[in-house]
Amino acid sequence: MGFMALHVKASQIVSIFVIAQALNFSALLGQRDNFTYNGFIGSNLQLDGLAEIKPDGLLQLTNFTSQQTGHAYHPIVINFKNFSSFSTTFVFAIVAEMTNRRGPGFAFTISPSHIVGDSPGEYLGILNITNNGSSSNHIFAIEVDTAMSLEFSDKDNNHVGIDVNSLNSIESATAAYFNEKVGKNDSLYLSSGDAMQVWIDYDGVKKRIDVALAPMGVTRPRIPLLSTQLDLSLVFVDRMYVGFSGSNGVLQSSHYILGWSFNIDGQVQKLDITHLPPVPRRKHPKERHGETIGLTVGMVMIVLITLFAGLHIVRRKRYDEIREDWEKEYGPQRFSYKDLYKATEGFKDKALLGSGGFGKVYIGTLPKSKVEVAIKRVSHESTQGMKEFIAEIASLGKLRHRNMVPLHGYCRRSGELLLVYDYMSNGSLDKYLFTNERSKLSWMQRYKILQGVASALVYLHEEWEQVVLHRDVKASNVLLDADFNGRLGDFGLARLYDQGAIPQTTHVVGTLGYLAPELTRTGKATTKTDVFAFGAFMLEVACGRRPVEQQELPEKMILVDWVHECWRKGTILETSDPSLGDDYVVEHTELVLKLGLICSHPSPDARPSMRHVLHCLDGEAVLSEQALEGFPIDVSATTEVIGDGSSSVAASNASSPPQSCSVHTTTRGRRS
Ligand SMILES: Nc1ncnc2c1ncn2[C@@H]1O[C@H](COP(=O)(O)OP(=O)(O)OP(=O)(O)O)[C@@H](O)[C@H]1O
Ligand SMILES: *[C@@H]1O[C@H](CO)[C@@H](O)[C@H](O)[C@H]1NC(C)=O
Ligand SMILES: *[C@@H]1O[C@H](CO)[C@@H](O)[C@H](O)[C@H]1NC(C)=O
Ligand SMILES: *[C@@H]1O[C@H](CO)[C@@H](O)[C@H](O)[C@H]1NC(C)=O
Ligand SMILES: *[C@@H]1O[C@H](CO)[C@@H](O)[C@H](O)[C@H]1NC(C)=O
Ligand SMILES: *[C@@H]1O[C@H](CO)[C@@H](O)[C@H](O)[C@H]1NC(C)=O
Ligand SMILES: *[C@@H]1O[C@H](CO)[C@@H](O)[C@H](O)[C@H]1NC(C)=O
Ligand SMILES: *[C@@H]1O[C@H](CO)[C@@H](O)[C@H](O)[C@H]1NC(C)=O
Ligand SMILES: [Mg+2]
């Protein structure tokens with residue numbers, strides 16, 4: 001292109017100059033380039049999108065902005081003509097929004113031009129739906145991928161992969177490194193916020209590429225993480241740009257590059273890791289576990305002195321909370337932190353009932369009334385949304401329904417919110433359905449639970465003075481009281497993480513597998529998105545399985561697809577929970593499965609209202625199977641998996657084509 005420009009008339013000298021500059025004369029002259037950035041102060045990297053260079057020299061590819069990308073390129077185009085090798089190394093860090101809410105990842109890229117027309121989310125800012133897989137891309141990338149997208153056959157949500165023209169990696173491996181000291185592979189958690197180093201070496205003679213990974217400060221492992229045969233001379237054009245692309249979906253991470261070194265036809269220069277800029281810590285320090293520090297005798301002395309001096313201050317501080325004027329009207333529902341602290345004996349681990357996507361749940365006994373309660377600690381930084389949320393829970397505190405977990409009240413401290421619920425002695429339903437922790441429930445018990453939860457939702461949607469959306473219906477949010485009545489808990493909590501009214505920037509919060517497709521596109525929760533989640537929940541209860549099960553056979557992996565397939569073949573009963581044996585009522589089981597399917601309809605208009613669902617369950621209305629006829633065969637055409645095994649997560653899917661619907665999934669299970 002540059003050579004063509006040289007033939008252009010003199011009147012166009014200005015544009016020649018611009019083009020030549022963009023290509024850089026040194027590249028035109030065929031000079032090989034090598035460069036090293038120990039931090040990016042004073043560098044003139046070419047940035048776009050969210051990318052910026054921080055004052056301390058840190059290259060930030062993305063900040064916490066959803067559905068956007070950021071690119072950074074070395075300013076000089078590199079001459080790859082007849083090259084025989086290249087090697088590069090960089091240090092990166094991924095700081096996730098929260099432990100289980102993180103963006104899709106970033107990539108090191110070599111491309112013929114600055115990448116434009118890319119998509120965020122799982123496309124990692126390097127490709128889009130039209131050009132994925134096309135050999136005219138001439139794109140080579142090493143993806144550092146922290147989301148599992150089934151679309152691209154990702155192996156998990158924590159891997160490194162080699163990509164050529166496509167996001168389906170030709171080779172990928174779960175993040176790990178060979179630890180010389182112990183002689184085995186140690187796994188790495190890419191979005192831990194810790195700095196890690198990547199080495200990429202390509203040998204054009206052997207046509208082999210090696211990619212190694214290790215925590216920063218560890219020497220390059222002898223055994224690379226990835227090593228594969230690849231002829232890049234078939235992929236590259238003569239002049240290529242080298243750089244990085246970071247990408248966010250509805251879930252977000254800050255992707256940082258601390259230092260970078262590159263060389264073509266030669267050994268890469270080592271990075272001086274002592275001079276790299278530091279990685280900013282995550283915003284939610286409470287989520288981080290403190291490191292054990294060996295205390296020397298001197299330090300113990302200092303600590304003791306500080307302890308004594310600070311004791312009375314601490315005594316006052318321990319029970320510090322936040323109260324604002326607007327909260328006055330919620331007075332009766334306000335708990336003092338001191339009482340909650342005493343109730344749980346200082347939030348001891350012993351009192352921990354479990355933890356979910358929003359925080360930890362503790363059991364406690366209120367000091368005055370001696371009532372047993374479950375206290376949920378939600379870490380929350382901003383006051384934005386808090387006022388609305390408290391208004392909502394305060395009003396919900398007043399509503400009582402026999403199938404809802406009663407909410408007693410709340411307490412606010414700096415950076416966290418505490419919610420006080422009735423303690424449900426039989427725990428959450430998921431433990432009965434998917435684990436062997438508890439005995440299995442009989443069909444009658446299950447049916448009663450479904451009716452109960454449906455009536456709670458009808459109450460929230462239609463019978464309370466305003467429409468209340470639950471936003472997070474799922475088995476772990478259905479608790480069982482002493483009589484095994486199903487009671488819906490955690491209402492409205494997802495709202496706390498909703499950030500605003502603009503669909504593009506709205507966080508979609510809920511749990512993958514229960515998120516209606518339109519919710520992930522528009523970000524707007526409605527009663528119909530609750531119905532969708534209830535549909536997934538009905539299938540769960542009847543089949544004794546989670547909505548998505550990675551370990552299952554491919555045809556059974558997405559529960560709703562499998563049930564639908566069996567319905568078409570007339571064998572729908574085969575999907576019911578095998579552990580039920582003969583203990584079920586055929587008509588009821590069929591009804592629940594079909595209702596579950598209809599509620600999971602990709603189109604919100606085709607889903608029934610909660611009232612109709614309840615009527616069907618109660619035998620007061622007849623289910624019309626018509627909606628099932630129009631059910632698309634491949635319900636889960638696009639599926640994106642994010643999350644690391646904990647429960648509630650926000651999900652992104654804006655890059656999927658609007659006509660297809662998606663079932664969002666997570667490998668679920670309990671953190672311990
Ligand atoms: N009111 C309660 N009574 C008894 N146990 C409870 C109560 N509330 C929660 N739990 C227990 O605490 C665990 C954690 O609950 P939590 O709500 O934090 O997680 P989750 O429901 O899995 O996810 P999410 O954050 O989406 O609600 C639950 O699995 C349940 O066993
Ligand atoms: C071209 O490259 C040289 C060094 O290789 C560099 O000094 C110069 O600034 C570059 N020019 C532009 C326009 O990027
Ligand atoms: C890098 O390039 C410079 C010239 O630009 C050269 O002097 C130097 O030896 C090269 N370094 C390596 C490690 O190849
Ligand atoms: C993220 O970066 C963009 C571009 O630099 C900026 O406009 C935006 O305000 C930043 N957002 C946040 C949350 O820091
Ligand atoms: C390509 O490089 C090799 C050595 O690296 C050299 O022998 C050969 O002549 C070069 N070919 C061209 C077309 O430049
Ligand atoms: C995909 O990217 C190409 C450029 O690489 C662009 O021309 C095209 O418009 C993009 N397509 C979509 C659907 O964004
Ligand atoms: C992307 O491209 C690869 C390679 O052609 C192809 O196998 C894969 O199915 C494509 N994926 C999507 C989602 O288009
Ligand atoms: C460590 O990982 C490498 C690369 O994935 C693999 O080849 C090797 O067999 C593993 N070694 C051990 C001891 O697990
Ligand atoms: Mg819950």
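Please read all numbers here as calculations on a predicted model, not as lab measurements. Values reported hereafter were calculated over all heavy atoms of this structure, with side chains retained and with hydrogens, waters and symmetry mates removed. Atoms within each ligand, like the ligands themselves, are counted from 1 in listed order.
- By the definition of a contact as any protein heavy atom under 4.0 Å away, atom 7 (O) of ligand 4 is not in contact.
- Counting the atoms of ligand 4 from 1 in the order shown, those under 4.0 Å from a heavy atom of Thr65 are 1 (C), 11 (N).
- Aromatic ring centres of Phe40 and Trp260: separated by at least 6.0 Å.
- Salt bridge status for Lys376 with Asp490: present, with a side-chain N to carboxylate O gap under 4.0 Å.
- With the Mg ion (ligand 9) as vertex, Asn477 OD1 and Asp490 OD2 subtend 90°, rounded to 10°.
- Of the polar atoms of Lys474, at least one N or O is found under 3.5 Å from an N or O of ligand 1, judged by distance alone.
- Ring geometry for His114 against Tyr241 counts as perpendicular: the plane angle is over 60°, on a 0 to 90° scale with 30° as the lower cut.
- Annotation: cation-pi pair Arg377/Phe347 present, NZ/CZ under 6.0 Å from the ring centroid and within 45° of its normal.
- Less than 4.0 angstrom separates some heavy atom of Ala374 from each of these atoms of ligand 1: 1 (N), 2 (C), 3 (N), 7 (C).
- Panel note: side chain Ser247, backbone Gly121; a donor-acceptor pair is recorded below 3.5 Å.
- Within the listing of ligand 1, atoms 3 (N), 4 (C) sit less than 4.0 angstrom from a heavy atom of Tyr423.
- Taking every non-hydrogen atom of Asn63 and a distance limit under 4.0 Å, the qualifying atoms of ligand 4 come out as 1 (C), 2 (O), 3 (C), 8 (C), 10 (C), 11 (N), 12 (C), 14 (O).
- Within a 4.0 Å radius of atom 14 (O) of ligand 4, the protein contributes at least one heavy atom.
- Looking at ligand 1, you won't find any N or O of Tyr421 less than 3.5 Å from one of its N or O atoms.
- Residue Lys376 has at least one nitrogen or oxygen atom sitting less than 3.5 Å from a nitrogen or oxygen atom of ligand 1, judged on distance alone.
- Side-chain atoms of Asn403 and Ser455 include a donor-acceptor pair closer than 3.5 Å.
- Evaluated by nearest non-hydrogen atom to atom 28 (C) of ligand 1, the leading choice among Gly354, Ser428, Gly489 is Ser428.
- The main-chain N or O of Asp481 is found under 3.5 Å from a side-chain atom of Asn426 such that the two form a donor-acceptor pair.
- A centroid separation of 6.0 Å or more is found between the aromatic rings of Phe92 and Tyr256.
- When only interatomic distances are considered, the shortest N/O to N/O separation between Lys431 and ligand 1 falls below 3.5 Å.
- Looking at Glu518 and Arg607, a side-chain N of the basic residue comes within less than 4.0 Å of a carboxylate O on the acidic one, giving a salt bridge.
- With a 4.0 Å heavy-atom cut-off, ligand 1 is reached by the backbone of Asp422 but not by any atom from C-beta on.
- Contact annotation for Lys360 and ligand 1: no heavy atom of the residue comes within less than 4.0 Å of the ligand.
- Atoms of ligand 4 lying under 4.0 Å from at least one heavy atom of Glu52, given by number and element, are 2 (O), 5 (O).
- Under a 4.0 Å N-O distance rule, the pair Lys368/Asp339 qualifies as a salt bridge.
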